[in-house]
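Below you'll find the structure, written out as structure tokens, and then a few comments.
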Amino acid sequence: MNRSLRPLAATAVIFLLAYGAAALQFPGLFSTRVLGNFLTDNAFLGIAAVGMTFVILSGGIDLSVGAVIGLSGVLVAVMISWLGMPPLIAFALTLTIAAAFGAAMGAAIHWLRVPSFIVTLAGMFLARGAASVISPDSIPIHHAAYDWVSQAYWKMPGGGRLSLIGALMVMVFILGAVLAHRTRFGANVYALGGNAASAELMGVPVSRTTVLIYTLSSTLAGLAGIVFSLYTQAGYSLSAVGVELDAIGAVVIGGTLLTGGYGFVAGTFIGVMLMGLVQTYIIFDGTLSSWWTKIVIGVLLFMFILLQRLVFRAQAARD
Amino acid sequence: MGNTGPILRASGLSKAFGAHHALRDVAIDLWPGEVHALLGENGAGKSTLIKILTGVYQPDAGEMLLDGRAVSFRDPLQAQAAGIGTVYQEVNLVPNLSVAENLYLGHQPTRWGMLDKRRMHVGAREILASYGLNIDVRAELGSYSVAVQQIVAIARAVKLSGKVLVLDEPTASLDRAEVERLFDVIGRLRDQGLAVVFITHFLDQVFAISDRVTILRNGQLVASQSIEGLSRTDVVRLMLGKDVIFAHAATAAEEPGSGEQLAVFSGVGRRGSVQPFDLTLHRGEVVGVAGLLGSGRTEMARLMFGVDQADTGHITLDGMPLSLRNPRQAVAAGMGFCPEDRKTDGIFADLTVRENIVIALQAKLGWFKALSRDEQDDIAGRFAEALDIRAANHDIAVKLLSGGNQQKVILARWLAIDPRILILDEPTRGIDVGAHAEIVRTINRLREDGLALLVISSELDEVVAYSSRVVVMREREMVAELRGAEISPQVIVQAIAAQQGATA
């Protein structure tokens with residue numbers, strides 16, 4: 001088997017086993033209701049994680065994701081509640097701002113040759129600070145269309161509700177997978193993650209690709225912010241703190257190598273679902289502190305990094 | 001039509017880096033259907049010439065005609081698009097992508113904006129089949145051997161360029177069977193009418209495959225001619241300099257091995273690096289090491305200093321067995337090593353002259369015996385004076401010094417630990433003539449002080465001038481040990497050029 005498939009397969013197997021075990025204990029877990037809630041509750045995380053997958057595949061990291069989610073939520077709330085804009089125009093403006101923000105970070109990373117870690121750390125402070133300056137308090141959003149969108153769902157067989165935002169996340173994953181695996185841009189991202197110097201010699205447009213990768217990540221973070229505002233019916237500058245780390249966790253648990261070059265968008269989806277499963281299990285159990293989620297995710301992350309090490313070291317030894 | 005003339009005709013090429021002339025008025029013609037070997041020692045200007053031809057550097061002067069039309073390349077991609085493809089020693093592909101993706105990266109066939117993977121796989125299989133390679137093109141490139149990756153890189157370069165193919169030391173990490181396979185591929189490409197430029201340090205390979213050779217020395221063109229009528233000795237002589245045909249008085253050949261035995265290396269070797277060799281070092285002698293680049297000279301020094309671990313043989317020092325598993329043990333045993341690449345392996349560029357000098361001594365003393373500032377100043381001052389290190393003061397960064405002074409700083413670093421054995425790898429490379437003479441004088445003085453020195457050098461005149469004995473390396477094997485009157489440039493050249501075995 002192709003070695004980059006092994007961590008993905010491991011993630012899938014672990015997810016199925018964990019889901020099976022949890023469903024044995026709580027048969028209620030095995031229903032489309034729970035599945036629908038999975039998708040809705042993790043929609044913003046999933047969307048942000050798709051962008052993060054591209055960044056990590058290219059060998060970078062984006063720490064600004066959570067802050068951009070917070071800023072986008074505040075921007076949408078301000079535009080709709082304070083300025084009275086129609087939601088669609090507010091969405092478009094917010095996504096444009098997020099995209100420009102990402103493009104600027106990508107440009108700084110490429111042309112100033114500053115590590116992505118530093119640039120996006122600065123971006124994180126900038127976005128979070130800007131959001132808090134605009135409004136330190138949560139801004140509720142009251143708008144008829146907004147209420148309708150956030151309530152819209154499709155009833156699945158078994159009584160589960162596939163919400164609009166849940167469906168949106170699935171769409172983003174599908175489009176992300178196509179972009180990663182079926183386009184020249186996707187191939188360039190993998191090439192950058194494999195060996196940036198070689199990629200440049202082989203004619204990969206390194207500057208354009210780098211800028212596009214961070215633009216994509218920030219745009220998706222902006223979209224995640226909009227989804228989060230739909231989910232909470234408000235925009236708050238301190239929302240989604242640390243979500244970038246959850247996204248990185250989902251990407252790594254999904255089998256993407258942190259150093260870049262290997263991984264799948266679909267793996268990130270399983271990673272997000274696995275994190276959602278842990279949360280749901282703890283809610284079902286009822287006696288466990290919700291912080292157990294973090295502990296379990298920590299253990300999973302550690303396991304996966306260990307697993308990747310082993311897979312790639314075994315390969316290296318054979319070469 | 002270009003059939004009547006060379007594909008690529010370059011003339012008057014010059015390139016300087018600061019005050020250093022890397023290339024001076026060099027001309028080269030590449031004809032269709034020829035394999036053209038480019039030869040020269042390190043620093044001769046080979047890689048500068050290649051980088052100009054392939055667009056990495058822009059020449060200061062000179063012109064290039066491709067198919068009779070004047071061209072200049074801004075970057076490698078332009079050269080590639082114009083028909084000049086390059087395969088570097090370190091395969092420049094992306095290991096995590098599949099073989100097919102590597103062949104097509106940047107030029108993938110698409111259908112409605114989506115990659116047409118099926119067409120890519122079929123195409124890749126066809127291309128590689130024409131190179132006699134039947135492999136799974138969907139598997140990632142990194143899972144194949146370097147030899148296969150090399151052929152994939154060649155296939156990509158030929159597919160994209162198709163007029164001139166430049167191979168920069170393609171055989172450096174291949175075994176014999178793989179080299180033959182590569183030569184097979186090169187032969188086919190020649191028959192298809194490509195001009196193949198081939199850089200290597202292995203003379204056997206030059207004679208096995210090349211039609212013509214161009215030889216550079218010190219940035220200047222020495223010869224560019226058909227290989228017919230050239231002998232190995234001729235080639236080595238041209239590479240190393242024509243002065244070697246004149247006899248030299250051997251100066252330091254008095255009483256070789258006169259001092260008492262200090263260190264004995266018997267059967268020391270490392271698989272894939274150096275064949276087992278025997279060498280005895282005596283007090284007060286200089287053992288010169290001659291051989292072409294890549295002949296195993298540096299690898300031998302690395303084994304002797306414990307940088308690489310020997311997997312055969314044993315070492316005795318003063319009659320006691322010595323285990324050398326790392327350079328620390330070598331330093332503890334009283335050895336010092338000035339490496340070949342001063343800038344990356346020798347100096348700590350951003351540290352001061354003083355810190356660079358005391359660092360080995362401090363490392364030997366350990367954590368708990370820190371040298372005080374006064375002691376450091378004293379040591380640095382003493383050796384700077386003894387070796388005539390010219391620096392404004394000892395607290396400037398060593399990277400600001402000239403190459404010769406940097407070399408003396410490294411020498412001072414080892415002299416500070418009061419060594420008994422000193423290994424110098426190309427101590428005079430890249431330093432000016434004055435400093436050159438001083439280094440040679442220093443080597444002689446250290447020998448008189450009773451040190452045992454092992455000096456690796458490409459400059460035969462120099463080796464002859466200070467060595468009490470000379471060992472000759474060829475193809476990772478010690479092939480000769482010369483002493484006394486035998487030490488002369490002619491004998492060394494013959495030893496280097498001698499054909500190995502009957503084949504090849």
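Residue numbers begin at 1 in each chain, while the letters A, B, ... track the order of the sequences.
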Is there a ring-ring contact (aromatic ring centres under 6.0 Å, His included) between B/Phe198 and B/Phe183 once you walk through the steps? CA-CA 11 Å; B/Phe198 178 64; B/Phe183 281 3; 5.8 Å; yes
Under the rule for ring-ring contact (aromatic ring centres under 6.0 Å, His included), what residues qualify as partners of A/Phe269, not counting sequence neighbours? A/Phe173
Max heavy-atom pairs within cutoff under 4.5 Å with chain A, candidates B/Asp75, B/Val94, B/Leu97, goes to B/Val94
Tightest non-hydrogen contact, residues A/Ala266 and A/Leu8, listed as C-CD1, 4.4 Å
Please report the closest heavy-atom contact between B/Leu77 and A/Glu200, naming both atoms and the distance. CD2-O, 4.3 Å
Residues of residues 201-210 of chain A with any heavy atom under 4.5 Å of a heavy atom in chain B: A/Leu201, A/Met202, A/Gly203, A/Val204
For B/Lys399, check salt bridge (Lys or Arg N to Asp or Glu O under 4.0 Å) against everything at least two apart and list the hits. B/Asp350
Heavy atoms only, distances under 4.5 angstrom: which of A/Gly194, A/Ala197, A/Ala199, A/Gly260 has the most pairs with chain B? Name it, please. A/Gly194
Only pairs under 3.5 Å count here: list side-chain donor-acceptor contacts from residues 114-137 of chain B, not counting sequence neighbours, and write none if there are none.
from	atom 1	to	atom 2	distance (Å)
B/Asp116	OD1	B/Arg119	N	3.3
B/Lys117	NZ	A/His181	O	3.1
B/His121	ND1	B/Lys117	O	3.3
B/Ser130	OG	B/Ile127	O	2.5
B/Asp136	OD1	B/Arg138	N	3.0

Are more than 12 heavy atoms, taken from residues, nucleotides or ligands other than A/Met303, located less than 6.0 Å from that residue's CE atom? yes
